Amino acid sequence: MIRNDVPITPELVREHGLKDDEYARFKALIGREPTLTELGIVSAMWNEHCSYKSSRLHLKTLPTKAPWVIQGPGENAGVIDIGDGQACVFKMESHNHPSFIEPYQGAATGVGGILRDVFTMGARPIAALNALSFGSPDHPRTRHLVSGVVAGVGGYGNSFGVPTVGGSVRFHERYNGNILVNAMAVGLAKTDEIFYAAATGVGNPIVYLGSKTGRDGIHGATMASAEFDDRSEEKRPTVQVGDPFAEKLLLEACLELMKSGAVIAIQDMGAAGLTCSAVEMGAKGDLGVELWLERVPCREEGMTPYEMMLSESQERMLMVLRPGMETEAEAIFRKWGLDFAVIGKTTDTLRFVVKHHGETMADLPIKELGDEAPLYDRPHLANTHQPVLMPEAVEPPMSNADALLRLVGSPDGSSKRWVWEQYDHLILGNTVQVPGGDAALVRIEDGPKGLCLTTDVTPRYCEADPVEGGKQAVAEAWRNITAVGGRPLAITDNLNFGNPERPEVMGTFVGCIRGIGEACRALDFPVVSGNVSLYNETNGRGILPTPSIGGVGVIDDVRRHASVRFKREGDAILLVGDTRGWLGQSLYLREVCGREEGAPPPVDLDAERLNGDFVRRLIQDGQVDTVHDCSDGGLAVALAEMAMAGGIGAGIGEVEPGIPLHAFLFGEDQARYVLAVEPDRVPDLLYAASAGGIPVALLGVTGGGSLHLPGEPAIPLGSLREAHEGWMPKYMAG
Amino acid sequence: MKAAVIVFPGSNREGDVLRALRQAGAEVHTVWHAETELPAGTDLAVLPGGFSYGDYLRCGAIAGRAAVMGAVRAHAARGGLVLGICNGFQILCESGLLPGILMRNANLRFLCHRQKLRVERNDTAFTRAYAKDQVIDVCVAHGEGNYFADEETLRRIEGEGRVAFRYANAAGGIVADANVNGSLNAIAGIYSEGLNVLGMMPHPENLIDDLVGGTDGRGLFESLVRAA
């Protein structure tokens, strides 16, 4: 056993991921050399993952307020008011580094962690989503990672009993060495029964609940704050192991305990385990904390204070209880077969004191552990803008029909049914829109209200122009919620980037934040929670900038919603929004022409708002039930997806004059929606559009068993489906 | 009609089946796994879907030996109705109330999707609201639903008309493509000898609502309410 008073050598400091100046800062703060346990504590509190030291400065610029925001960033999850005394609690979080090293457990504990964040606030989880980024399909590791991550996401969520209703899966060689696993959870609570982390009252019992503490995950958060190299495999022991069964019990026990009125404050033990949760509870409540580690339920004998403070064992909670209610609380936890132990108390000293059999192992100023964490304004280089690529400069290498088949059968364009069929998306019986639509639609209890949920980002846009890319990620989330008929209310952002110590990476981060902020402000779509994952880099090569946006909207009556599938023969097909034929950074350019270049499509936030509000009103008024937004692959891919989903073809006659046909079909201009409308409703709709200054074009008619693009032979739906549904299962079997 | 839904640690579809039973007009109660008796006057005991005790051992193996199972067994022996769905089916097999076993799906993956079933007979307490050979839409959501029994047992189940549902295509055809998990004879659910215990992998309780997939699952719960 390592002694607590070992001399703190520079090597030991470095092993803890602290820079020399950071260590000097800490030593100055406490006025002496720290003990080993104290070094462990500060390394946990001051790493990038927990302290946000590179990102804090920029995150502060994001809009986080709106009349419907109950709790913005800084708590376990964000909370918004959705009316009728109900609150929606949600957050998205990454588990990237562990998932690359151990895909099943990494992904599973990612899901577990985010579910815990949501029910810690007093909410019952009602939906889960995710955003997954993998390396190139032909990279030797990719198949193994996809298979493990998908099984892990499913394994945890399915057993816990929450429907996984949406998400995205993408492939790009820039993720070869660092995959991204971003998990989002959404819960439902009463607005007057939200629980927070801030402790109150001196001398109140601090209680440990849930699973026992083991040696797993020690330094997990430190690993997540460093780059990978060729020896990253050796970090496998730092990955935690998930137990969804324990989590399900913890959920039921916590909600039951919250109802009893015994809970003053609650914080889950996530990254940096007991250290981070105890410090946050005290610091947020302006109180000190004293812990007695010999009382911590341990999985194995002989665990040192250092190990207990840094373990990231899963499915654990820390609570401050109302004094005198310990017995009642313990009975609830015993009923669910979970551990319960009073392991400390709140104090009025503002110190974080850790004792083991009476001996003081750490004694640190509690506020400063968080407030005085290093804060960096890292140098950042604005990205050199890529020139606008005119449609005329892109020679179509094949027919438009062949291009469409290639796009719907490409790794990013193909159906992800193979993935989402491994997730229980039907449990709880409220999934109105299953995966594969624009946004998932989940009815709230017996209705009629529902939640619209989506995760979005287009990393190739963010790489080419971080500001526009950041705007686009938010706008697309807003658009997807709108396309099912929902009112977009708020987002959670999960910002995945490379090494922030490189100015060009920091530049993309700063740019994306700026774009996200602009879009959030313009669309009244504030950020209420989030997570930053930096150092997604291997041997000096970083991922594509990937700020995943999780969007939440509400729909007042789920019976009035739209979906992508064509529903009737003879419907008029309308395109809402302007088309210029923007091929720069398009999926067409990459998958069909083999080029990744040009500026991404600009995002006109006024047009987004105008067009979106128009479409949403049509859905709410019961005028339109068939809507799809245009995104990857543009108009042609949107039409193909609508036709495949409905089993009804379409004929497209009209096109925009003056735009090359391939650019019209595959351009990725923003703020656009495809609608299928009963013909007798069209005149009124066009009149309303023209009165509101909304560009709407009549494109064609639904019907038949194939898709007719202008100047092309009909493409049978069967061929589209074969390409679209075929790629993923074939790839995974290969 | 009085229904008792048994809740094990790790059950997670108890709410779904409670909703379906209530909708059909049943009086519902939940019973904790540590209980040793069912509420007086129980007509139907339901073992819901989920991952009882985490299913870290064989699925349903621990729940099959839980305290409450003594009461369920006694209820079945008296001729009382018992319905086990998904994990509940696995528990019934593990507890010996139904023959056979549910193995890993043939493709080794968890599967969740809509699925057609063929109703094999409509003269039981569970299926009167359906027609014989009717094709109904339900959902499946399981990783271990691959039904297996030894030849002798299988012959007996088939001979005694104890297959309740088979995985089918839209036309009611029993074809390899429709057999989602590799079950012998495409078996999706079986009855006990007395036809009063039914175990099935698919979830009729998740198809009781037009807005959420359809209403083909309702017939099972309506049949049960009528039977009591």
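Just so we're on the same page: letters track the sequence lines, and every chain starts at 1. Just so you know, these numbers come straight off a predicted model, no measurement behind them. All values below come from the heavy atoms of this structure, side chains included, with hydrogens, waters and symmetry mates left out.
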TODO: Go through B:Ala141, B:Pro9, B:Gly10 and name the one with the most non-hydrogen pairs under 4.5 angstrom from chain A.
DONE: B:Pro9
- [ ] For residues A:Pro125 and A:Phe119, determine if any side-chain heavy atom of one lies less than 4.5 Å from a side-chain heavy atom of the other.
- [x] yes
Task: Which of A:Ile427, A:Asn430, A:Leu441, A:Asp243 touches chain B most, by non-hydrogen pairs under 4.5 Å - done: A:Ile427
Task: Presence of salt bridge, A:Arg721 and A:Glu725, under 4.0 angstrom - done: no
Task: A:Asp339 bridged to A:Lys212 by N-O distance under 4.0 Å - done: yes
Task: Lys NZ or Arg CZ of A:Lys248 over A:Trp336 ring: under 6.0 Å, within 45° - done: no
TODO: Output the option from A:Phe160, A:Tyr423, A:Trp418 having the highest count of non-hydrogen pairs under 4.5 Å with chain B.
DONE: A:Trp418
Open item on the list: Need one label for A:Val434: side chain, backbone, both or neither, based on atoms under 4.5 Å from any heavy atom in chain B.
Closed with: neither
Task: Matching residue for A:Lys335 among A:Glu328, A:Glu256, A:Glu330, A:Glu252 - test: salt bridge (charged side-chain N to carboxylate O under 4.0 Å, His left out) - done: A:Glu256
TODO: Could you tell me whether A:Glu445 and A:Arg443 have a side-chain N and a carboxylate O separated by less than 4.0 Å?
DONE: no
Task: Atom group of B:Tyr53 that falls short of 4.5 Å from chain A, counting heavy atoms - done: both
TODO: Answer with side chain, backbone, both or neither: which region of A:Leu249 has an atom nearer than 4.5 Å to a non-hydrogen atom of chain B?
DONE: side chain
- [ ] Could you have a look at A:Pro244, A:Gly337, A:Ser159 and say which one has the most heavy-atom pairs with chain B under 4.5 angstrom?
- [x] A:Ser159
